[in-house]
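Structure record follows, encoded as structure tokens.
The structure presented is a predicted model; accordingly, all values stated were derived computationally and were not measured. This chain uses plain numbering: 1 for the first residue, then up along the sequence.
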Amino acid sequence: MNARGGETFEAARALAEIDVLLAGEVPASGPPEYDSLPHTGETLSVRGEGYAIAELWSGEDLQGVYEKEWEEAQERAYGHGDVLVEQLDARWGAHRDIDNRVAVWWTEGDPALPPLYGQLRDLDALGTLHVWGPVRPPGGDADRWVALSVNQIDGDCPFFLIAVVTDRPIEELED
């Protein structure tokens, strides 16, 4: 993702974006539909079969950044995620953690891989998912599940924070 690189993290804005994602459309079926920046093609959000994913924040490029400075960038990214987790725990109760790395081992295009996990793998969003749910969006008539995740594609790339909303439970994949 990394479309929002360089933006200042603002917890109130991120929480508002989670609320919009929660109240928005989650397609029951169909291929992924991307909202991307026109000048770079970087993905801001994607909606597909049973899910909606949006980038909430992205850090700075870390190419040529090492040791203490890199560790500070990592701490900052996870700190942003921790702020949101704390606030969402206060709203919806304690979250549970789902290890998402198993999606890497699945064969690309495997029809048994749930669409959400295939999309997360395609976005290189393989960090731990902090999950709440079921929750009911304000004015909504169906339960949803919400997840947050801090990710990094590789050591030179920015850390990024995403929100996920699904219309079905988010469960840990089996090996």
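In this structure, the separation between SG on Cys157 and CG on Asp61 is 7.0 Å, given to the nearest 0.5 Å. Residue Leu22 holds its CG atom at 12.0 Å from CG of Leu15, rounded to the nearest 0.5 Å. To the nearest 0.5 Å, atoms CD1 (Ile162) and OG (Ser45) are separated by 11.5 Å. One distance of note links CG of Leu44 with CD of Glu17; it measures 9.5 Å at 0.5 Å rounding. Rounding to the nearest 0.5 Å places CD1 of Ile53 at 11.5 Å from CG of Leu56.
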Show every donor-acceptor pair shorter than 3.5 Å between a side-chain atom in residues 87-94 and any protein atom, with sequence neighbours excluded, or say none if there are none.
unit_1: Asp89; atom_1: OD1; unit_2: His95; atom_2: N; d: 3.0
unit_1: Asp89; atom_1: OD1; unit_2: His95; atom_2: ND1; d: 3.0
unit_1: Asp89; atom_1: OD1; unit_2: Trp132; atom_2: NE1; d: 2.8
unit_1: Asp89; atom_1: OD2; unit_2: His95; atom_2: ND1; d: 3.2
unit_1: Arg91; atom_1: NH1; unit_2: Asp19; atom_2: OD1; d: 2.6

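By the criterion of side-chain heavy atoms lying less than 4.5 angstrom apart, applied directly or through intervening Ile, Leu, Val, Met, Phe, Trp or Tyr residues, Val165 is not grouped with Val131; the two fall into different hydrophobic clusters. No chain of hydrophobic side-chain contacts below 4.5 Å, direct or via other Ile, Leu, Val, Met, Phe, Trp or Tyr residues, connects Leu126 to Val150. Val164 and Leu21 sit in two unconnected hydrophobic clusters of ILVMFWY residues. Membership requires side-chain heavy atoms under 4.5 Å apart, directly or through other members. Placement of Ile18 and Trp145 in two distinct hydrophobic clusters is found when ILVMFWY residues are connected by side-chain heavy-atom separations under 4.5 Å, directly or transitively.
Across every non-hydrogen atom of Leu84 and Ala11, the tightest pair is CD2-O, 3.9 Å.
Residue pairs meeting the salt bridge (charged side-chain N to carboxylate O under 4.0 Å, His left out) criterion with at least one member in residues 119-142, sequence neighbours excluded: Arg136-Asp143. Pairs passing the ring pair (Phe, Tyr, Trp, His ring centres under 6.0 Å) check and including a residue from residues 19-40, sequence neighbours excluded, do not occur. Among residue pairs with one or both ends in residues 65-77, those qualifying as salt bridge (charged side-chain N to carboxylate O under 4.0 Å, His left out) are Lys68-Glu72; sequence neighbours excluded. Applying the ring pair (Phe, Tyr, Trp, His ring centres under 6.0 Å) test to pairs two or more places apart or on separate chains, those with a residue in residues 65-90 are Phe9-His80, Trp57-His80, Trp70-Phe159.
Between Glu33 and Val46, every side-chain heavy-atom pair lies at or beyond the 4.5 Å cut-off. For the pair Asn100/Thr128, no side-chain contact is recorded, criterion being any heavy-atom separation below 4.5 Å from C-beta on. At a threshold of 4.5 Å between non-hydrogen side-chain atoms, the residues Val26 and Thr166 do not count as touching. Residues Asp97 and Leu129 are not in side-chain contact: their nearest non-hydrogen atoms beyond the backbone lie 4.5 Å or more apart. You'll find the side chain of Tyr117 reaches within 4.5 Å of the side chain of Leu173, heavy atoms only.
Partners of Glu25 by side chain to side chain donor-acceptor pair (under 3.5 Å), not counting sequence neighbours: none found. Glu60 meets the side chain to side chain contact (heavy atoms under 4.5 Å, CB included) test with no other residue; sequence neighbours excluded. When the side chain to side chain donor-acceptor pair (under 3.5 Å) test is applied to Ser58, the partners found at least two apart in sequence or on another chain are Asn2. Residues satisfying the side chain to side chain contact (heavy atoms under 4.5 Å, CB included) test with Glu10, not counting sequence neighbours, are Arg13. With sequence neighbours left out, Arg47 forms a salt bridge (charged side-chain N to carboxylate O under 4.0 Å, His left out) with no residue at all. Applying the side chain to side chain contact (heavy atoms under 4.5 Å, CB included) test to Ala112 and every residue at least two apart in sequence or in another chain returns Trp106, Asp110. In this view, Thr40 and Leu37, Glu42 satisfy the side chain to side chain contact (heavy atoms under 4.5 Å, CB included) rule, not counting sequence neighbours.
Listed for the Arg101 side chain is no donor-acceptor partner under 3.5 Å among the backbone atoms of Gly127. Between the side chain of Glu55 and the backbone N or O of Arg4 there is at least one donor-acceptor pair closer than 3.5 Å.
Counting non-hydrogen atoms of other residues, nucleotides and ligands closer than 6.0 Å to CD of Glu86 gives a total of 12 or fewer.
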